[in-house]
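Structure first, then comments.
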2 protein chains.
Amino acid sequence: MVSPFLENMALWMSHSPDDRAIVYIVDDDEALRRALDRLFRSVSLETRSYGAVREFIGAQRPDLPGCIVLDVRLPGTNGLEFQAQLGDLGINLPVVLITGHGDIPMTVRAMKAGAVDFLPKPFRDQDMLDAVSTAINRDRSRRAAEDLAAGLKDRFATLSMREREVMMLAASGRMNKQIAGELGLSEVTVKIHRGAAMRKMGARTLAELVRMADALNLAREH
Amino acid sequence: MVSPFLENMALWMSHSPDDRAIVYIVDDDEALRRALDRLFRSVSLETRSYGAVREFIGAQRPDLPGCIVLDVRLPGTNGLEFQAQLGDLGINLPVVLITGHGDIPMTVRAMKAGAVDFLPKPFRDQDMLDAVSTAINRDRSRRAAEDLAAGLKDRFATLSMREREVMMLAASGRMNKQIAGELGLSEVTVKIHRGAAMRKMGARTLAELVRMADALNLAREH
DNA sequence: AATTGGCTAATACCTTCGTGTTATCTCCGA
DNA sequence: TCGGAGATAACACGAAGGTATTAGCCAATT
């Protein structure tokens, strides 16, 4: 245990790891990239800068909350098309779009695709900061929800097939006797599998098991 | 019981009530209103036409799925401000916006506020029909979810205070013994309230009660 | 060949749940 | 003042849940 003084020192001098966030800037205009870089660093956000979509895709991204600031007009790939591809690439970062020559249909398309904001150039610094702040908060929420779901999935993966079947039927409200009938088992065997499922999932009550089963099904439908 | 022939006649000649939907047109341009009216009626949608926001607010609206087609530039109230007020007025109809002189910030604001689409004039008939179709489907989903929640709320309203307390604690996974301790009751009394809650809510298993309790809490947070 | 893990099942024991019966007390409206 | 609804509670019985012990079977791995 270090002294309270040193602990407070650390808090004052740097963000705790939970506060870190990265803005990925994708724009072919190097001057604008540098300006954005300064802007974001001035509010203690980390930045990564890319001149083309390909560079961004190929780069390593740390496992931290963040967002993408993306120019619509880019060499090679179009910004809107890239936005649409992000999901397929397994990238779930929120997107803030900027454009020099945008029109309304383009804006509508971007917003329908889930963009956090769509800023025509020139934009005010504060508008950009607001958009990025919203985007990062959205990513934090998504990551938090995903972490919960991941924990559930990990525990569910340790269940045997029988245990999964019994768990789902139990979570649907079936009695042990009914489960035994539907699966062609004895009631005792069902109790064993049910108990194992509760233990492996970390559920202490049926109510918890019901909520876990619902969360797993929701995660799958998504 | 009428004859099968007459029943089928009715099906062929009109939409079943479940298919009905209404488009509320709010625009001060009477020529455009008439054109939209013809367009929507050509695809068997019902229409109501208003030249000003005030007319729409004062009008009676049947309890059917529908959407609003709203011009941004209107005499009196601004279309975007009206869109923002809809929630406060208890109107949850999806909005399709049209505009003659729109810009990007206006579009972003409208889409952030939940507009289904934002169409600059002149627009193609098919784009308008697509937007309205999406909007009405969204309203159908919302109404279906709301009907379910309303049924739950009605049943929950018939519970006494004690029954509600016991239901919530039971749905959280507490045993009757624990509930009795927390509420300062005997276990027998808890069983009576719990049984009454299950019966009044129409829940046949604890799993159903858990899901009902969750749905009620989600509905409240919303 | 031996071991491990998964699936099955019976027996036994205790806990918890659900319900019916009976009963007392309070409050409120007819 | 009577009747009804709500809340409380004890007693009793049967249904259901949970766990421990023991044990047989099978497939895969060591």
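Just so it is clear: chains get the letters A, B, ... in the order the sequence lines come, proteins before strands, and each one is counted from 1.
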What is the distance, to the nearest angstrom, from the CD1 atom on A:I192 to the C1' atom on C:dT11? 12 Å
Whole Å only: how far is the CE atom of B:M161 from the C1' atom of D:dA5? 16 Å
What's B:L185 touching, base or sugar-phosphate or nothing? Going by heavy atoms closer than 4.0 Å. sugar-phosphate
To the nearest Å, how far apart are A:L209 CG and D:dG17 P? 13 Å
Measure from CE on B:M167 to C1' on D:dA7 and round the result to the nearest Å. 19 Å
Ignoring backbone atoms, establish whether A:N176 has a side-chain N or O less than 4.0 Å from OP1 or OP2 of D:dA16. no
Give a yes/no answer on whether the side chain of A:K191 brings an N or O atom under 4.0 Å of OP1 or OP2 in D:dT19. no
Candidates C:dT8, D:dA16, C:dT11 - which lies nearest the side chain of A:K177: D:dA16
Atom-pair distance (CZ on B:R204; P on C:dG18), nearest Å: 15 Å
DNA chain D: 5'-proximal contact among B:K200 and B:S186 (nearest heavy atom): B:K200
Does B:R162 place a side-chain N or O at less than 4.0 Å from the phosphate oxygens OP1/OP2 of D:dG6? no
Nearest-neighbour nucleotide for the A:R194 side chain, C:dC17, D:dG17, C:dA9 considered: D:dG17
I want to check one thing: is the phosphate of D:dA5, taken as OP1 and OP2, less than 4.0 Å away from some side-chain N or O of B:S160? no
Take the protein atom CZ of A:R199 and the nucleotide atom C1' of D:dA20, then report the distance between them rounded to whole Å. 13 Å
Using 30° and 60° as the class boundaries, would you call the ring planes of A:F56 and A:Y24 parallel, tilted or perpendicular? perpendicular
Is any side-chain N of the basic residue among B:R211 and B:D214 closer than 4.0 Å to the acidic one's carboxylate O? no
Could you check whether B:M198 gets within reach of a base, just the sugar-phosphate, or nothing at all, counting any heavy atom under 4.0 Å? nothing
State which of D:dT8, C:dT16, C:dC7 makes the closest approach to the side chain of A:H193. C:dC7
Looking just at side-chain N and O atoms, do A:S49 and A:D37 make a donor-acceptor pair shorter than 3.5 Å? no
Looking at the side chain of A:V188, which of C:dG18, C:dG20, C:dA10 is the nearest nucleotide? C:dA10
If only side-chain N and O atoms count, and only distance matters, is there a donor-acceptor pair under 3.5 Å linking B:S160 with B:R162? no
Just compare C:dC17, D:dG6, C:dA10 and give me whichever is closest to any side-chain atom of B:M175. C:dC17
Which part of the nucleic acid, if any, lies within contact of A:T189, taking any heavy atom under 4.0 Å across all strands shown: a base, the sugar-phosphate backbone alone, or nothing? base
Given the options A:L183, A:I179, A:V190, A:E165 meets side chain to side chain contact (heavy atoms under 4.5 Å, CB included) only with A:L183
Out of D:dG17, C:dT11, D:dA9, which has the shortest distance to the side chain of A:E187? D:dG17
Quick test of your reading of the model: are B:K112 and A:D117 salt-bridged, counting only N-O distances below 4.0 Å? yes
Rounded to whole Å, how long is the line connecting atom CD of B:E163 with atom C1' of D:dA7? 10 Å
